[in-house]
Structures are given as structure tokens and as C-alpha cells.
Number of protein chains: 2
Amino acid sequence: MNDDALKLENQLCFPLYVAAKDLVGRYKPLLDRLDLTYTQYIAMLVLWQEKSLTVKDLGDALHLDSGTLTPLLKRLEAKGYLERRRSLADERVVNITITPTGEDLKQEALEIPERIASCVPLEHEDLQTLYRLLYKLIGVMNCAD
Amino acid sequence: MNDDALKLENQLCFPLYVAAKDLVGRYKPLLDRLDLTYTQYIAMLVLWQEKSLTVKDLGDALHLDSGTLTPLLKRLEAKGYLERRRSLADERVVNITITPTGEDLKQEALEIPERIASCVPLEHEDLQTLYRLLYKLIGVMNCAD
DNA sequence: GGTAAATTAATTGTGCACAATGCAATGAAT
DNA sequence: ATTCATTGCATTGTGCACAATTAATTTACC
């Protein structure tokens with residue numbers, strides 16, 4: 001019986017799953033110094049750009065739901081990096097706003113992308129191709145079915 | 001100040017993280033019928049090939065440690081898909097062996113790869129390129145530093 | 001205006017994922 | 001043979017990730 005299709009290395013999901021885990025793991029030693037986890041870091045990335053947004057919009061940006069974000073945002077609030085406040089205009093909405101302490105953290109994060117880039121020694125062309133294919137993959141999966 | 005490097009979309013990690021999550025999520029409805037999670041599924045993929053191996057070798061194959069595998073394997077054992085038995089030759093080692101029930105499950109899993117392929121409509125060339133780049137990425141990260 | 005439907009968060013429960021620790025068994029070196 | 005380091009697994013604790021449910025509010029419809 002031909003079961004090549006059921007071999008680990010013949011499924012796209014596996015190298016994708018391993019590469020994502022390995023790359024996220026590369027951030028840990030750098031993020032430890034900022035007292036952030038990886039998911040907290042990408043939440044702060046959005047906040048450094050947007051300053052203020054709703055939990056829903058943050059979830060849309062990060063592809064995460066409230067079950068993940070609510071406790072995560074409470075931890076970031078406890079660290080003093082942001083504030084959560086329920087909207088007056090719409091009581092269902094919670095607005096997230098970065099604090100000055102959270103803004104300051106950005107300076108320490110500036111070196112992270114280059115430190116990561118230096119330990120992911122792919123040539124520029126390969127990197128661009130990988131970006132393109134990953135975004136294409138995310139795109140086609142969002143509309144398929 | 002130029003902070004393009006700190007934008008979410010300019011970091012490889014983010015599309016990689018999202019694509020992996022999204023693709024793994026695509027398995028869920030298919031795996032629910034086999035009463036398997038994604039991680040349990042890739043463990044079974046190895047067992048369908050190897051029949052029997054140690055926890056350590058499984059961990060090497062899946063890039064997972066005992067803190068993840070020990071409870072996961074106990075759950076698979078409780079479902080009757082495998083047996084865990086401590087090695088007589090070396091008492092530190094635990095051998096994992098697939099059961100007939102676990103073997104049977106393979107038949108039901110055969111359709112999964114094609115079902116996934118059909119909802120990941122990348123052209124063959126793009127798919128091959130993506131494989132190659134992901135394995136390259138995993139390779140360079142394993143030896144870097 | 002009153003009811004139904006939709007929206008937004010929060011909560012609960014399960015299962016990874018991994019760091020850190022502990023421990024027993026093994027192997028190596030003297 | 002005794003010491004010492006290493007190996008393989010288990011345990012504990014923290015933090016995602018997501019399904020399912022609940023609750024509060026808002027919007028749409030008649």
C-alpha cells in the first residue's frame with residue numbers, strides 16, 4: 001500500500017509547524033530581557049504602531065480570539081505596558097491604550113529584528129520568496145471553503 | 001524615527017506563525033472524527049511508519065520534549081492507540097509501540113492529506129518552493145549560533 | 001417601541017509547548 | 001569498585017490557543 005502521503009516530511013503542515021516553533025523560540029532569549037512572551041511581543045508591535053485600538057481589532061490583526069487576548073492583555077496591563085478601558089460609546093467594546101512605560105519599551109525592542117535576522121541567514125531573494133508564499137498561503141486559506 | 005523593522009508584516013516570524021496556526025486549524029475538523037489532536041496526529045504519523053520507537057526518538061522526530069510527549073502519549077495510550085513500556089535493556093528508556101487499534105486508524109487517516117491539499121490551492125511549483133525554503137530555514141536555524 | 005439577531009468580551013475547560021527541576025539508571029574514568 | 005557526568009523520562013508551573021458558553025449591549029426589523 002502506498003502511504004507516502006502519510007509520511008511526516010511529505011505534508012506541508014509539518015515543516016511549517018516546526019519552522020514556526022523554532023523561529024518563535026529564537027525570540028525567547030531576546031524577549032526575556034523585556035519581560036515579554038512572543039505573543040505579548042506581537043501584541044506590543046501592534047500597539048507601538050496604533051497606540052490605541054479595540055480588543056477585536058487587535059484580535060483581527062494577530063489572528064487571535066478573546067480567550068487568548070483577555071488574559072494576555074491583563075498580564076500586559078499588570079506589567080504597566082497598557083491600559084484596558086471599556087468604551088463609553090459602546091459598552092461591549094474594550095479599548096486598549098499603550099502607556100508611556102509601554103512606549104519606552106519600544107526602544108529596547110528596536111534591536112530585536114536585526115538580531116533575529118542575523119540568526120536566520122537566508123539570502124534576500126529566498127526571504128522575499130518565503131514572505132510572498134506565506135502571505136499567499138494565508139490568503140488562500142482564508143477564502144477557501 | 002524609522003521603525004519599519006518593528007512592523008508586524010515586516011517580520012518573517014509573523015506570517016510563519018499565522019500560516020502554521022491556520023494550517024493546523026484546517027486539520028481539526030478532519031481529526032475530530034479520529035478523536036485526535038494535531039500533535040497526536042503527527043505522533044501517529046511517525047508510529048504508522050515506525051511501529052515502535054523510544055520517547056526520545058519520537059521527540060527528535062517531532063521536535064518535542066518529554067514535558068509535551070509524556071502526557072500526550074498517556075492520552076493516546078488511554079485511547080488504545082499505543083502502548084508504553086519501559087525498556088528492560090535500559091530502564092531509563094520508554095518504548096512506544098502501536099496497537100492493532102492504532103494501526104486500524106491509519107485507514108481512516110489516508111484521506112486527510114488530500115483533503116488538506118484541496119483546501120491549500122497552491123500551484124505545484126509554489127508548494128515545492130515553500131517546502132524547500134522551510135526545510136532550509138529549519139536547517140540554518142538548527143546550526144546557527 | 002418591542003422583539004429578534006448580531007456583536008463584543010469574558011469565562012471555562014482541554015490540550016499543547018517548554019523551562020526548570022528531580023531522579024533513577026547508565027556509562028566512563030580512574 | 002567508587003566517583004562523576006550524562007542520559008531518558010516524569011513532574012511542576014506558566015502561558016498560550018481555541019472551542020463552547022454566557023452575558024451584556026447594540027442594531028435591525030417590523
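Order of the sequence lines sets the chain letters (A, B, ...), proteins ahead of strands, with each chain counted from 1.
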Q) Between A/Y27 and B/Q11, is a side-chain hydrogen bond (donor to acceptor under 3.5 Å, both in side chains) present by the stated rule, with each step listed? A) CA-CA 12 Å; A/Y27 282 81; B/Q11 309 207 29; 3.2 Å; yes
Of the options [options], whose atoms approach the side-chain atoms of [X] most closely?
X     : options                : value
B/T68 : C/dC18, D/dA17, D/dC9  : C/dC18
A/K56 : C/dA9, C/dA19, C/dC16  : C/dA9
B/Q40 : C/dG15, C/dT26, D/dT11 : C/dG15
B/T37 : C/dG15, D/dC9, C/dA9   : C/dG15
B/T70 : D/dT11, D/dC18, D/dT26 : D/dT11

Q: Specify the residue among B/I42 and A/V94 whose closest nucleotide of DNA chain C lies further upstream toward the 5′ end.
A: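 First, find each residue's nearest nucleotide; the 5'-ward one identifies A/V94.
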Atom [atom1] of [X] to atom [atom2] of [N]: distance rounded to whole Å?
X     : N      : atom1 : atom2 : answer
A/E77 : C/dA9  : CD    : C1'   : 14 Å
A/D90 : D/dT26 : CG    : P     : 5 Å
B/L69 : D/dT11 : CG    : P     : 14 Å
A/L88 : C/dT8  : CG    : P     : 17 Å
A/E91 : C/dA10 : CD    : C1'   : 15 Å
B/R86 : D/dA10 : CZ    : C1'   : 8 Å
A/I96 : C/dA9  : CD1   : P     : 8 Å
B/R92 : C/dA25 : CZ    : C1'   : 5 Å

Between [N] and [X], is there an OP1 or OP2 to side-chain N/O distance shorter than 4.0 Å?
X     : N      : answer
A/R85 : C/dA9  : no
A/K28 : C/dA17 : no
A/Y38 : C/dA17 : no
B/K21 : D/dC18 : yes

Q | Qualifying residue for side-chain contact (heavy atoms from CB on, under 4.5 Å) with A/L47, from A/L82, A/L58, A/L76 | A |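 So the option named by the test is A/L82.
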Q. Looking at A/I96, A/N95, A/V55, which hits side-chain contact (heavy atoms from CB on, under 4.5 Å) with A/R84?
A.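 Of the listed options, the one satisfying the test is A/I96.
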**Q.** Close side-chain approach of A/M44 and A/Y81, heavy atoms under 4.5 Å
**A.**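 Counting from C-beta outward, A/M44 and A/Y81 do come under 4.5 Å.
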**Q.** Residue mapping more 5' on DNA chain D - nearest nucleotide basis, A/R75 or A/S66
**A.**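 On the 5' side of the pair lies A/R75.
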Q.
For residues B/L8 and A/L34: do they belong to one hydrophobic cluster (side chain heavy atoms under 4.5 Å, members Ile, Leu, Val, Met, Phe, Trp, Tyr)?
A.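 B/L8 and A/L34: one cluster.
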**Q.** Sugar-phosphate, base or nothing in reach of B/A20, heavy atoms under 4.0 Å
**A.**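 Nothing, no heavy atom under 4.0 Å.
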